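Everything numeric in this text was worked out from a predicted model, so none of it was measured.
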Amino acid sequence: FGTETSPLWESPKNVGVHVLSEARQWVQQLAPAGGCNLLKALKHILTMKELNSLVIIIRNCPDQSLEILADYAQQCMLGRKLLVHAVTYDCGSPAATVKNLAEVVSGRYHCYSSTGEVGDTIPCFLSKPPKHEGPLIIQTPHFLARTSTDWLKTNGLKAKKLNLYQVLAPNAFSPVEEFVPILQKTVSSTLHEKAMMQFEWHDGTVKNIHVDLPILYKYQKLLAKMVRIYEKRINWLSVASRRIWGSVCEKRVVILVDISVPNSTCIIHIQHSLRLLLEEQMLNKDCFNIIAFGSHIVPWQLELVPSQPESLQKAWRWVLRLQCSGSRNFMSALRRAVEVDFKEKDKHKSQGIYLLTTGIPDQETHTISAYVAEACRGFDLQLHVCLFSVMEDADSCGIIPARYATPTETVIAFKEIVQAANGRFHWFGEAGIFESDDITVIVSEMEKAKNYSQKYFLLGAVYRSYPKTVCIRKHVPSVRLPKKEEICSSKEWLTKYSIKKLKLELPRLMFGPSCTHQKKIVESLHKEVSAKYCTIFPSVEINGVVRHLQVQSKEMEIYIEQMEKVLLRYLQRIQWLLSGSRRFFGTILEANVCVLIDTSGSMDPYLPHIMKELTSLIWEQLRKNEIRFNLLRFAENIESWREHLVEATDKTCHDAVQWVSKFHAHGNTCILMALQKALTFQGVEALYILTDGKPDTSCNLILKEIERLRKQRDIKIHTISFSCVDREANEFLKKLASQTGGRYHCNFGDMDGQLAAHRMLTEGFDDEDDPVFPYFEGDDLRKLTEEVAKARGFLKQAKSLR
């Protein structure tokens, strides 16, 4: 483009040898002419709806101002996924205009000169800088350090009154219903053509909305402005010392530094990280201390000291002398900080502990979590974790840590510790930041702004093409799914997050009563004629019935995006159910339970495996969730671990594991006696019974006896089938669980299920028939995999309709 535009083709073409050759010849024939009418070029190109990428190459300053170009580009790109690349070549003044245009439309900017590229470069992260051992260059912070959660209290969408429903509220009205005496019935008000339109409110009700397009566009611009502010906040959090430590907000600070032997190869990185922190974020603190730890703890000072330039320089000279030794005795360093540096924590506010480490501590996660929860409860004291992931090839000396964990397991452990201490988690490496609580909160607010923008865009699009008759078709809802797993049955979980509950059933969204294909006999023509709207809407055959689609292509894209999001969450739930002790025992739901274990002779080959899984159950579910419990084993006779339910403490769990380790298999399967004994325990809410076969007594007799006993106390019985191929025995366990309101669990097919879930997460959902889950007989997994199959069916149908 110059003053006029000159397209190579009227629409994009698929890449091929001949197409590229034709494009090359066209480029070689280009000649300069006229001005730089960028607006006219944008008007021509943005009419092509199928574009998803746009490259603008420019040297001279555009004829139009930035405001005109930005306003037009924003209006045309609302609701579209179009990535803009702006490139300038050997230019001065146009660079600022084009760069600002790229920022406004959330695109990318690149500047190229004949002497070389001048785009932004990313330096090697944490490389050893020059003058590493020189004195600190201390900076005075000119900003108020705040967590992103606190920052959003004054800069979030709700604080700025940019919540979608806050904006719509002044022009939103509830539908009116009045009783009409002459008709003898209640009649609802109707909407007069373009005066209003219907919109689903956040509480599920339907409101009549008056759409004001100028306000609509102004709101979109304000949302875009807030998104740019959030992006600047993320960029600010991703540079300098904040890239390593996050934002250090407290006034009284203790820094815990991991100098264990595995960190020998990255001690320079650790020292450099401390240098950046001391230079940039510590001068405005009241007091601080540094504690290095390996197997032994090495405090810089005996207690907190005032944060002054002299003390910061002394601390840096001390840091340069640190040598790596021992393992990661994090618990000792933590106790030293809490019990010495913060011994008067009840008298002060704004106190924080910052841990810089590269791996999992020597102590168990639940032990540390319990300690920090107790130490921080009721005080203004938080523990924040900064996890530094060293590259795999960095540990060339082959040092093996005292306690090994994969990066994923390490992250999960530290997240649990941080949650117990009401702190923040920050995970970074040489490639940059992998995860940060501060950044995650901002990204969540940006996603909310994007969701509001899409809804408002659809509101405006529907308004512009408002039909003369009211369309009752539903819009595609934006789903919100929990990130944290809830301890509940799949039946209960799906009452909140099933496809039906999320209102994502495809027929409900795509085919309303007005979608029916109708033919009527016209007497003058003596034949059937289709309805007048048949030529307007595309038709499709569903289950042998011709229906008309009333859906915009953008809505179909949104539906596919939302359905893939739901499927991803379902698969994560399935993986959670197939992990740890839940794979073997299912999920323990109640707060007071008794676990019954079959130790009859047929269990002899499997007893070591069962004892191992039972140990995992005791620590992973009973101890972690503080469930009162008892254990009971049964064969030809029964033996209970205790005569009553006990609290799940470290001591009781150790005792329970010792008792389990003495199991030996012998005799018959006396289920009835075991159930009768377990039902006598005071306060028990549910029984979990593990067995591998039929009971010695009549199944019908057991069912009748249990029904009689449950009339006195309503107790659920959850049954667990282990390595049982007897169909009749499994049917008995299913009936026992169903009759008592419990769940039936069977771990058959768990490995195939894990593989299928992994393949779906890595390969996507394009093929409905591959991979498929095995048939799970257990209630929890069966219900969830059935919902996955339903979702995949709707997704396949939506893609075919598109």
Between E435 and K415, does a salt bridge (charged side-chain N to carboxylate O under 4.0 Å, His left out) hold up when you go through it step by step?
-> CA-CA 11 Å; E435 185 175 344; K415 281 185 176 180; 2.6 Å; yes
Aromatic ring centroids of Y606 and F722 under 6.0 Å?
-> yes
Test item: Q621 side-chain N/O and I588 main-chain N/O as donor-acceptor pair under 3.5 Å = yes
Partners of Y497 by ring-ring contact (aromatic ring centres under 6.0 Å, His included), sequence neighbours excluded?
-> W493
K491/D779 salt bridge by N-O under 4.0 Å criterion | no
Scan side-chain atoms only and decide if T785 and R782 contain a donor-acceptor pair under the 3.5 Å cut-off.
-> no
With sequence neighbours left out, write down each residue that passes salt bridge (charged side-chain N to carboxylate O under 4.0 Å, His left out) with R713, or none if nothing qualifies.
-> none
State whether the side chain of T719 and the backbone N or O of L733 hold a donor-acceptor pair below 3.5 Å, judged by distance alone.
-> yes
Taking side chain as C-beta onward, heavy atoms only, is M331 less than 4.5 Å from I368?
-> yes
Considering residues at least two apart in sequence or located in another chain, which fulfil the ring-ring contact (aromatic ring centres under 6.0 Å, His included) criterion with F663?
-> W659
Donor-acceptor list for residues 668-676 side chains, cut-off 3.5 Å, not counting sequence neighbours:
residue: T669; atom: OG1; partner: S600; partner atom: OG; Å: 3.2

Below 4.5 Å, heavy atoms only, C-beta onward: do C594 and L632 meet side chain to side chain?
-> yes
Can you name the side chain to side chain contact (heavy atoms under 4.5 Å, CB included) partners of R710, sequence neighbours left out?
-> I706, E707, D714, T740
Answer yes if the side chains of E590 and Y688 hold a donor-acceptor pair under 3.5 Å, and no otherwise.
-> yes
Report yes if the distance between the aromatic ring centroids of F629 and W641 is under 6.0 Å, otherwise no.
-> yes
Whether Q562 side chain and V479 backbone form a donor-acceptor pair below 3.5 Å = yes
Using side chain to side chain contact (heavy atoms under 4.5 Å, CB included) as the criterion, list what pairs up with I487, not counting sequence neighbours.
-> T587, L589, N625
Q575 side-chain N/O to Q754 backbone N/O, donor-acceptor pair under 3.5 Å | no
Any side-chain heavy-atom pair of K624 and E416 under 4.5 Å | yes
What about the rings of H609 and F584, do their centers lie closer together than 6.0 Å?
-> yes
Which residues pass the ring-ring contact (aromatic ring centres under 6.0 Å, His included) test with W619, sequence neighbours left out?
-> H366, H654
Any Lys/Arg nitrogen of D362 or R328 sitting under 4.0 Å from an Asp/Glu carboxylate oxygen of the other?
-> no
Measure the spacing between SG of C653 and CG of L622 and express it to the nearest 0.5 Å.
-> 6.5 Å
Heavy atoms only: give me the nearest Q739-L703 pair and the separation to one decimal.
-> NE2-O, 2.8 Å
Going by atom types alone, do E620 and S581 pair a side-chain donor with an acceptor below 3.5 Å?
-> yes
Between R424 and Y354, is any side-chain donor less than 3.5 angstrom from a side-chain acceptor?
-> yes
Check: T652/D655 side-chain N/O donor and acceptor closer than 3.5 Å = no
Could you tell me whether a side-chain N or O of N630 sits under 3.5 Å from a main-chain N or O of R642, the two making a donor and an acceptor?
-> yes
Check: D341 and R336 side chains under 4.5 Å, non-hydrogen atoms | yes
Indicate yes or no for a side-chain donor-acceptor contact from T615 to the backbone of V657 under 3.5 Å, with no hydrogens or angles considered.
-> no
State, with a plain yes or no, whether a side-chain heavy atom of D598 is found less than 4.5 Å away from one of L690.
-> no
Does A648 offer a backbone N or O that forms a donor-acceptor pair with the side chain of R628 under 3.5 Å?
-> no
Test side chain to side chain contact (heavy atoms under 4.5 Å, CB included) applied to E564 - qualifying residues, sequence neighbours left out = I560, F765, L795, K799
Derivation of the ring-ring contact (aromatic ring centres under 6.0 Å, His included) call for F414 and F425 | CA-CA 8 Å; F414 278 122; F425 176 71; 7.1 Å; no
Please answer whether the main-chain N or O of E409 pairs with a side-chain N or O of T406 as donor and acceptor at a distance below 3.5 Å.
-> yes
Quick one: side chain to side chain donor-acceptor pair (under 3.5 Å) partners of S698, sequence neighbours excluded?
-> none
Donor on one side chain, acceptor on other, W427 and S436, under 3.5 Å | no
Does any donor atom in the side chain of S602 or D692 lie under 3.5 Å from an acceptor atom in the other side chain?
-> yes
Any sub-3.5 Å donor-acceptor pair from T495's side-chain atoms to E492's backbone N or O?
-> yes
Quick one: side-chain hydrogen bond (donor to acceptor under 3.5 Å, both in side chains) pairs with a partner in residues 368-381, sequence neighbours left out?
-> E339-Y371, E374-R377, D380-Q382
Report the residues that fulfil ring-ring contact (aromatic ring centres under 6.0 Å, His included) with H644, sequence neighbours left out, ordered by chain and then residue number.
-> none
For S247, which residues count as a side chain to side chain donor-acceptor pair (under 3.5 Å) partner, sequence neighbours excluded?
-> none
Inspect the contact between R708 and E705 and indicate whether a charged nitrogen and a carboxylate oxygen are less than 4.0 angstrom apart.
-> yes
Within the distance-only criterion (no hydrogens, no angle test), does the side chain of R573 pair as donor or acceptor with the backbone N or O of E485 below 3.5 angstrom?
-> no
